[in-house]
*Asks:* 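Take a look at this one; I'll ask things after.
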Number of protein chains: 2
Amino acid sequence: MTYEITRRLRTGQVAERAGVNIQTLRYYERRGLIAEPERSLGGHRTYPPETVTLLGVIKAAQRLGFTLDEVAELLEAGRRGHPRPDLRERAIAKLAEIEHRIADLVTIRDTLTQVVAARCDSLTNCTCADCPLPYAELAEDPPR
Amino acid sequence: MTYEITRRLRTGQVAERAGVNIQTLRYYERRGLIAEPERSLGGHRTYPPETVTLLGVIKAAQRLGFTLDEVAELLEAGRRGHPRPDLRERAIAKLAEIEHRIADLVTIRDTLTQVVAARCDSLTNCTCADCPLPYAELAEDPPR
DNA sequence: GGTAAGCCTGTACCTGGGTACCGGATTCAA
DNA sequence: TTGAATCCGGTACCCAGGTACAGGCTTACC
């Protein structure tokens, strides 16, 4: 059997395989999400192929609602074999956060539904009866 | 009976009554959300008291998920007695948008729940069986 | 009429997650 | 070996929705 040597990749190759912009790669490096890679003699970055996987993990975590700072911490914790419970704890906290955001959006949805049902026709001078607009004192925060 | 003359308010008074920052007031003026008010001889803005109400409307609309640009358009439409259906149409569109965001967040919530239930312990090297993390190919967009 | 509080314009900065552009250096394939 | 493609660092810019600051003028109250 022949083993293929896992070659180092250059910036553009990593970016393409991971589906991200080259600038994003350098941005993540600055943010501490990916380690500073080795360089060629001329100073070009050369990445191990696992970097592509790592970028996938980062993107997945982002889709779970973690910020880049949070992802960086999670990766850092994992890197130096942090005791254990970090990810789980954070996921629980994030879960609460997401639930909260869902609740806010549901309130917004319900009020919008009322606005539509009541046939409101103006923000400032709605002529409909029982206009729900003045009572739109909903979620404390804009929905982000 | 005596009628109280509704006095003009100065910037700080409007800001305080509406619960917004003074800078925000000027920002909204630049964005076209509130009209340019009359000025005192010395150049200070003097607002009619209705401005406070208007700011409340703007904040309510924001809480319903409308962007400032959208609010500005809605107000503008209302101002020059736009035919009718503008707010209603927009509310319907916004409703769809909100529903979509809720759906995304629900997907995220469910995956996070799985992560917690599976006792995942690491983003990159989770040792739990049936780890849901690699399948976190969820919503296309980060949750904003 | 003095003085403190309030307001003026203009500009810069903030968060979060990137993206774009520049001039110059390097790498790769023919 | 040469020319195209790629990459380098540094800096500036994008979105939204504001917020902050500086230096100077106005207003309000005693």
Side-chain angles (χ1 to χ4, degrees), chain A residues 7-34 36-47 51 55 57-75 94 97 101 139-144, chain B residues 7-34 36-47 51 55 57-75 94 97 101 139-144:
Chain A
R7 284 183 55 253
R8 296 236 139 201
L9 304 173
R10 46 194 345 222
T11 310
Q13 295 173 313
V14 172
E16 201 200 334
R17 292 183 198 191
V20 303
N21 195 308
I22 291 183
Q23 324 281 34
T24 304
L25 227 51
R26 301 208 274 124
Y27 177 65
Y28 284 1
E29 188 180 320
R30 279 207 302 287
R31 294 281 302 249
L33 287 149
I34 58 184
E36 294 187 15
E38 288 174 24
R39 302 292 186 118
S40 71
L41 292 177
H44 287 198
R45 291 170 177 79
T46 67
Y47 294 94
T51 304
L55 286 167
V57 170
I58 293 170
K59 286 299 173 192
Q62 258 188 311
R63 281 190 297 267
L64 285 176
F66 291 99
T67 66
L68 285 187
D69 273 348
E70 290 168 335
V71 177
E73 284 178 36
L74 283 171
L75 291 174
K94 186 57 67 177
E97 208 183 302
R101 265 152 72 187
E140 310 80 53
D141 308 311
R144 57 225 213 82
Chain B
R7 284 183 55 254
R8 295 236 139 203
L9 304 173
R10 43 192 351 219
T11 310
Q13 295 174 312
V14 173
E16 200 199 334
R17 292 182 198 190
V20 302
N21 195 309
I22 292 184
Q23 323 282 33
T24 303
L25 226 53
R26 301 208 275 120
Y27 177 65
Y28 284 180
E29 188 180 320
R30 280 207 302 287
R31 293 283 301 252
L33 286 148
I34 58 184
E36 295 187 14
E38 288 175 23
R39 302 291 185 119
S40 71
L41 292 177
H44 287 196
R45 290 171 178 79
T46 67
Y47 294 94
T51 304
L55 286 167
V57 169
I58 292 171
K59 286 299 174 193
Q62 258 189 312
R63 280 191 297 268
L64 285 176
F66 291 99
T67 67
L68 286 187
D69 273 348
E70 289 168 336
V71 178
E73 284 177 36
L74 284 171
L75 291 175
K94 187 57 67 179
E97 207 183 302
R101 265 152 72 186
E140 311 78 52
D141 308 310
R144 61 222 209 83

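Since the model is a prediction, treat every value here as computed from it, not as a measurement. Chain letters run A, B, ... following the sequence lines, proteins first and then strands; every chain starts at 1.
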*Asks:* Quick one: B/Arg63 CZ to D/dG17 C1', roughly how many Å, whole number?
*Replies:* 15 Å
*Asks:* Return whichever of A/Arg30 or A/His44 has its heavy-atom-nearest nucleotide of DNA chain C closer to the 5' end.
*Replies:* A/Arg30
*Asks:* Give me the atom names and distance for the closest heavy-atom approach of B/Tyr47 to B/Arg10.
*Replies:* CD1-C, 4.3 Å
*Asks:* Specify the separation, in whole Å, of atom CZ of A/Phe66 and atom P of C/dG16.
*Replies:* 16 Å
*Asks:* From the list D/dG18, C/dT19, C/dG18, which nucleotide is the closest neighbour of the side chain of A/Gln23?
*Replies:* C/dT19
*Asks:* Among A/Ile58, A/Leu75, A/Val14, whose side chain to side chain contact (heavy atoms under 4.5 Å, CB included) with A/Ile34 holds?
*Replies:* A/Ile58
*Asks:* Of the candidate nucleotides C/dT19, D/dG18, D/dG9, which contains the atom at the shortest distance from the side chain of B/Tyr28?
*Replies:* D/dG18
*Asks:* Send over the distance from B/Asp69 CG to D/dC15 P, rounded to a whole Å.
*Replies:* 11 Å
*Asks:* Can you name the nearest heavy-atom pair linking B/Ala61 to B/Val71, along with the distance?
*Replies:* CB-CG2, 3.8 Å
*Asks:* Can you tell me how far C1' of C/dT15 sits from CD of A/Glu70, to the nearest Å?
*Replies:* 14 Å
*Asks:* Rounding to an integer number of Å, can you tell me how far A/Leu25 CG sits from C/dA20 C1'?
*Replies:* 16 Å
*Asks:* What's the CZ-C1' distance between A/Arg7 and C/dT27, to the nearest Å?
*Replies:* 12 Å
*Asks:* Heavy atoms only: give me the nearest A/Asn21-A/Ala15 pair and the separation to one decimal.
*Replies:* C-CB, 4.1 Å
*Asks:* Of the options C/dT19, D/dG18, C/dG17, whose atoms approach the side-chain atoms of B/Gln62 most closely?
*Replies:* D/dG18
*Asks:* Can you figure out which of D/dT19, D/dG10, C/dG10 approaches the side chain of B/Thr24 most closely?
*Replies:* D/dT19
*Asks:* Of the nucleotides C/dC8, D/dG17, D/dG18, which has the atom closest to the B/Arg39 side chain?
*Replies:* C/dC8
*Asks:* Do the side-chain N or O atoms of B/Lys59 get closer than 4.0 angstrom to the phosphate oxygens (OP1, OP2) of D/dG17?
*Replies:* no
*Asks:* According to the salt bridge (Lys or Arg N to Asp or Glu O under 4.0 Å) rule, which pairs have a member within residues 14-30 of chain A, sequence neighbours left out?
*Replies:* A/Glu29-A/Arg45
*Asks:* Rounded to whole angstroms, how far apart are CG on B/Leu41 and P on C/dG6?
*Replies:* 21 Å
*Asks:* Can you list every pair that meets salt bridge (Lys or Arg N to Asp or Glu O under 4.0 Å) and has a residue in residues 65-75 of chain B, with sequence neighbours left out?
*Replies:* B/Arg31-B/Asp69, B/Glu70-B/Lys94, B/Glu73-B/Arg90
*Asks:* Would you indicate what B/Arg45 reaches in the nucleic acid, counting non-hydrogen atoms under 4.0 angstrom: base, sugar-phosphate, or nothing?
*Replies:* sugar-phosphate
*Asks:* As a test of reading the structure: which of D/dG18, C/dG17, D/dC8 is closest to the side chain of A/Leu68, going by heavy atoms?
*Replies:* C/dG17
*Asks:* The side chain of B/Arg31 is closest to which nucleotide in this list: C/dT19, D/dG17, D/dT26?
*Replies:* D/dG17
*Asks:* Expected output is a numbered-order residue list: members of residues 9-22 of chain B with a heavy atom under 4.0 Å from any atom of DNA chain D. What is it?
*Replies:* B/Arg10, B/Asn21
*Asks:* Can you tell if the side chain of B/Leu25 reaches within under 4.5 Å of the side chain of B/Thr11, non-hydrogen atoms only?
*Replies:* yes
*Asks:* Among D/dT19, C/dT26, D/dG10, which nucleotide sits nearest the side chain of A/Ser40?
*Replies:* C/dT26
*Asks:* Tell me the closest heavy-atom pair linking A/Leu55 and A/Val20, and the distance in Å.
*Replies:* CD1-CG2, 4.4 Å
*Asks:* For B/Glu29 and D/dG18, what is the distance between atoms CD and C1' respectively, to the nearest whole Å?
*Replies:* 15 Å
